[in-house]
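Everything below concerns the one structure shown next.
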Amino acid sequence: MMDYREMADALAAEIARGTLRPGERLPTQRRFARAHGIAVSTASRVYAELARRGLVVGEVGRGTFVRTGEPPPEIALAEPRQARVDLELNFPVLPEHPAMLAESLRATLRPDAMAAAVRPVGTEGTARAREVSAGLLARGGWAPRPDDVLFAGTGRQAIAAVLAALVPPGERLGVEALTYPVVKGIAARLSIQLVPLAMDDQGVVPDAVSGSLRALYLQPALHNPLGVSMSAQRRAAIADVLRDREIPLVEDGIYGFLHDDPPVSALVPELGVLVDSLSKRLAPGLTLGFAVVPPRLHARVAAANRSGGWAAQRFALEAARGWIADGTAARLQADKRADAQARQALLAERLAGFAVHADPRAYHCWWVLPEHWRAETFVAAAARHGIAVTPAAAFAVGAARAPHAVRLALAAPPLPVLAAALGRLADIARGADDSGGDSC
């Protein structure tokens, strides 16, 4: 009998030949299992494998469908799409910021400073870099100890280093049922088993955190894609569970600079690792990753960072140190807070009446589509109008069925372009799409 991979290969071949057409619903897993004389659990693995390859998408209450367009990149959101309006990538760069960054960089380009900047540096960076970075990462009355700060080339590399240190291959990492797509790719490469955890309107439900997990990855502040943030009570409840069960926390604080809530890590200083970077605060091409690691885990994470080749380069470290020390990073952060709020106000105006969920401080939102739309079909309709948005399936973990929803990233377009794109999406959602997408 064929194993689940071979059965997935056979279905993939039918999709490639066109025997199974884009948008076609597959049989339920139970019916598929009965037709092929296999267990339902095996059928579930077949469908999960097809979803992993980007060939099908599952939607809550609707079933599993052959994708209507090209599959997304293996790590969703990793590369820009060729769309006129990008509501998929979320890297805010305001028009005046490149000049501010360039001016601040002048001191680093002096010959004496450059001589220092081109020397090698370890994963711990320099004492001065740790000091200013600890100040940058402070929020909500909490500040990390400078000696707890490690540096990676990017935030993604910092996540990879921490997961490699804390979760052995084959072991279980708890994540939100809808999570950052890059984490799914990192886990696959490290042979880590992701365990999707139940969520409510504040994020992960504390009772869903099992003692069998080797670690927990969370986005408590402005969760991507849902845009929700944990209340003080929820952060405390999660911290209690982690402490009681001695589960390390990998906290992704990439959007934490947009508000002042303290991290969950502050409540479990012996277990919590906070990961952050400069990509959102400054610009995607000028970045540095941070990991705030408690002493008991410091050596393990530092070793993983070095062995993975993820440590930061000295020039990036010195440039970032200058941007932080002279106040440039703080000014850019303040500008982006105001910009995000302006974009949320525009979103609320243009998509009024729809089921849009967003924190007014966030650069993204979660849109539960009207009942007559499937997420993949809506994405395809938007693309025909030159607008790139991300379907819920990009964020769904494992074989979990994705809701019929999309994430809109608001950071990239100029405000007038964003306003027009949101208006166009509203028209499409109401059924005004001229391609017939509303009839799906």
Side-chain angles (χ1 to χ4, degrees), residues 122-125 127 130-131 133-152 155 157-168 171-176 183 186-187 190 192 195 197 202-221 223 229-254 256 260-277 289-308 310:
T123 189
E124 292 85 3
R130 292 194 299 273
E131 180 182 352
S133 298
L136 179 77
L137 298 174
R139 55 184 166 94
W142 167 86
R145 295 188 327 127
D147 285 349
D148 291 345
V149 179
L150 297 175
F151 298 97
Q157 292 174 340
I159 293 171
V162 175
L163 293 184
L166 299 185
V167 187
E171 295 290 343
R172 293 156 55 89
L173 172 68
V175 297
E176 295 107 335
V183 169
I186 291 172
L190 296 176
I192 292 171
V195 179
L197 304 178
Q202 289 192 43
V204 161
V205 177
D207 289 345
V209 181
S210 164
S212 66
L213 302 175
R214 291 301 293 263
L216 177 65
Y217 168 86
L218 292 181
Q219 306 167 77
H223 176 272
S229 294
M230 289 186 178
S231 66
Q233 293 78 14
R234 175 57 58 84
R235 293 196 301 272
I238 291 290
D240 286 343
V241 170
L242 296 174
R243 197 179 300 109
D244 290 346
R245 300 177 182 177
E246 297 186 349
I247 300 173
L249 169 66
V250 184
E251 180 173 1
D252 191 336
I254 191 68
D260 296 316
D261 295 345
V264 176
S265 307
L267 303 177
V268 282
E270 72 285 1
L271 291 169
V273 179
L274 178 69
V275 176
D276 205 333
S277 86
F290 308 98
V292 180
V293 186
R296 63 179 289 210
L297 302 175
H298 197 277
R300 288 162 60 185
V301 175
N305 199 27
R306 285 191 296 269
S307 64
W310 298 313

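Quick caveat: nothing in here was measured; it's all calculated off a predicted structure. Computed from heavy atoms alone, side chains included, the values below leave out hydrogens, waters and symmetry copies.
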Spacing of CG belonging to Leu173 relative to CG belonging to Leu190, to within rounding of 0.5 Å: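 Those atoms lie 10.0 Å apart.
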For Val293, the option from Val275, Val149, Leu150, Asp148 that meets side-chain contact (heavy atoms from CB on, under 4.5 Å):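 For Val293, the side-chain contact (heavy atoms from CB on, under 4.5 Å) check succeeds only for Leu150.
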Look at the side chain of [X] and the backbone N and O of [Y], then say whether any donor-acceptor pair between them is shorter than 3.5 Å.
X      : Y      : answer
Glu176 : Gln219 : yes
Asn305 : Phe151 : yes
Arg243 : Leu271 : no
Glu251 : Gly272 : no

Side chain to side chain contact (heavy atoms under 4.5 Å, CB included) partners for [X], two or more places apart:
X      : result
Ser277 : Ile254, Ser279, Thr287
Asp147 : Arg130, Arg145
Pro168 : Glu171, Arg214
Ala237 : Pro206

All salt bridge (Lys or Arg N to Asp or Glu O under 4.0 Å) counterparts of Asp252, not counting sequence neighbours: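 If we apply the salt bridge (Lys or Arg N to Asp or Glu O under 4.0 Å) test to Asp252, skipping adjacent residues, there are no hits.
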Contacts of Arg300 that satisfy salt bridge (Lys or Arg N to Asp or Glu O under 4.0 Å) - sequence neighbours left out: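 Arg300: no salt bridge (Lys or Arg N to Asp or Glu O under 4.0 Å) contacts found.
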Pro262 vs Arg235 side-chain heavy atoms within contact, under 4.5 Å: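 When only atoms from C-beta onward are counted, Arg235 and Pro262 do touch, with a gap below 4.5 Å.
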Minimum side-chain heavy-atom gap Ile186-Tyr217 below 4.5 Å: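 No, their side chains stay 4.5 Å or more apart.
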With sequence neighbours left out, what residues match [X] under side chain to side chain donor-acceptor pair (under 3.5 Å)?
X      : result
Ser229 : none
Glu246 : none
Arg139 : none
Ser210 : Ser212

